[in-house]
Amino acid sequence: MRQLKIQQCLLPKAGAQSAECEDAIGVNLAAARCAVADGATEAFDARNWAQLLADGWVAAESPVLTRESFGVWVAEQGIVLHESWQGRTLSWYAEEKARRGSFAAFVGVQFDLSADVAHWTALALGDSCLLQQRNGALCCAFPIADYQQFTSTPVLVPSRGQLHANAFAQARVECGTFEPEDVIWLLSDATAEWFLKRAREHDPLLAQLDSLLIADRAAELAALFEQERRARRIKDDDVAIVRVSLDLS
């Protein structure tokens, strides 16, 4: 019987504590769902918004896989986030940021392992990405396919959805098959940009990343990304990685 095999890695910016990481990972093996959310650093309570999106999406009673259902679902999550702010004493500056709400990039993938050929359906808004490797080469990159397309102003998932309804029109949905030797990656923006560039250059670092994740070598993974930051080959940003493959045993 086919099952998902998942490895993950979550790292804060250089010099930051784990509790300061604004990326979030959600995994629900029973529902065959995974998600990555990347809270916008300049937004209010971005860490909690990202975690709420990642955890909530994978735990939803029914898959949230259309623009329309995503917009409705996000509005519900936004109410939960804003209610958690009640009673807080905030500076005038923080109050102004809270009034605008929080923002995060999001990508989530739902797998269907019941058919003869496994399938996936993904939804994304922002610049967190799903990348798929087949026979060691990229065969899908969603919603951004070229490392040069990353910008500093992506459209993000707003917690005050009623004020930013136009954002949800830019959510994207993609589907694909999932063959036995394929690997699917969910990555937050800086890591996705880095991965796409390394893939274009056929950099052996990607094979090293793969082997370290499979072996659960957390310290060596952290050292790899610290090395890449020092070399300025990757932006100094939080790192969220989910690696998904099929367990056929």
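Just so it is clear, the values below take in all heavy atoms, side chains as well, and ignore hydrogens, waters and symmetry mates.
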Measuring from [X]:[atom1] to [Y]:[atom2], what's the distance to the nearest 0.5 Å?
X    : Y    : atom1 : atom2 : answer
D38  : I25  : CG    : CD1   : 11.0 Å
H119 : C175 : NE2   : SG    : 8.5 Å
F44  : W85  : CZ    : CH2   : 5.5 Å
T191 : L186 : OG1   : CG    : 11.5 Å
I184 : S245 : CD1   : OG    : 10.0 Å
L221 : Q8   : CG    : CD    : 12.0 Å

With a 3.5 Å distance limit and no angle check, can you tell me whether [X] reaches the backbone of [Y] through a side-chain donor-acceptor pair?
X    : Y    : value
R33  : A60  : yes
R198 : E193 : no
D236 : A14  : yes
E220 : L213 : no
K97  : D45  : no
R47  : T41  : no
W57  : G108 : no
S128 : S188 : no

Taking every non-hydrogen atom, the tightest pair across [X] and [Y]:
X    : Y    : answer
G126 : L156 : CA-CD2, 4.4 Å
A46  : S102 : CA-OG, 3.4 Å
L123 : T66  : CD1-O, 3.6 Å
V74  : P158 : CG1-O, 3.3 Å
L246 : P180 : CD1-CA, 4.0 Å
L53  : F106 : O-CE1, 3.9 Å

I'd like to know whether W185 forms a ring pair (Phe, Tyr, Trp, His ring centres under 6.0 Å) with F195, so could you lay out the CA-CA distance, the side-chain angles of the two residues, the decisive distance to 0.1 Å, and finally the verdict.
CA-CA 10 Å; W185 303 82; F195 195 110; 5.2 Å; yes
Using the side chain to side chain contact (heavy atoms under 4.5 Å, CB included) rule, take Q110 and W120 through it: C-alpha gap first, then chi angles, then the decisive distance, then the call.
CA-CA 6 Å; Q110 171 76 63; W120 56 265; over 6 Å; no
State whether a side-chain donor-acceptor pair under 3.5 Å links D182 with Q132.
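Distance-only check passes for D182 and Q132.
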Does a side chain donor of either E22 or W49 reach within less than 3.5 Å of an acceptor in the other side chain?
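Side-chain D/A pair, E22 to W49: absent.
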For E20 and K13, run salt bridge (Lys or Arg N to Asp or Glu O under 4.0 Å): C-alpha distance rounded to whole Å, both residues' side-chain angles, the deciding distance at 0.1 Å, then the answer.
CA-CA 8 Å; E20 298 173 281; K13 300 174 184 69; over 6 Å; no
Mind checking whether F168 and F70 have parallel, tilted or perpendicular rings, split at 30° and 60°?
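Correct class here is perpendicular.
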Would the number of heavy atoms belonging to other residues, nucleotides or ligands and lying under 6.0 Å from CD of E226 be above 12?
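Yes, CD of E226 has more than 12 neighbouring heavy atoms, counting only those of other groups under 6.0 Å.
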Are V36 and L187 side-chain neighbours, meaning at least one heavy-atom pair lies under 4.5 Å?
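V36 does not reach L187 side chain to side chain.
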So do the side chains of C129 and V107 get within less than 4.5 Å of each other, counting heavy atoms only?
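No, their side chains stay 4.5 Å or more apart.
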Do [X] and [Y] belong to the same hydrophobic cluster, where Ile, Leu, Val, Met, Phe, Trp and Tyr are linked whenever their side-chain heavy atoms lie under 4.5 Å apart, directly or via other members?
X    : Y    : result
I214 : I241 : no
V183 : V27  : no
F142 : F150 : no

Are the charged groups of [X] and [Y] less than 4.0 angstrom apart, N to O?
X    : Y    : result
E228 : R233 : yes
D146 : R200 : yes
D247 : R2   : no
R134 : E179 : yes

Determine, stepwise, if the pair W194 / L205 fulfils side chain to side chain contact (heavy atoms under 4.5 Å, CB included).
CA-CA 11 Å; W194 171 85; L205 266 182; 4.2 Å; yes
Audit row: D210, R243, side chain to side chain contact (heavy atoms under 4.5 Å, CB included) steps and yes/no:
CA-CA 8 Å; D210 197 53; R243 180 193 188 276; 2.5 Å; yes
Test log, rule side chain to side chain contact (heavy atoms under 4.5 Å, CB included), inputs D127 and T151
CA-CA 9 Å; D127 52 7; T151 73; 6.0 Å; no
Residues forming a side chain to side chain contact (heavy atoms under 4.5 Å, CB included) with A218, sequence neighbours excluded
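With sequence neighbours excluded, A218 shows a side chain to side chain contact (heavy atoms under 4.5 Å, CB included) to no residue whatsoever.
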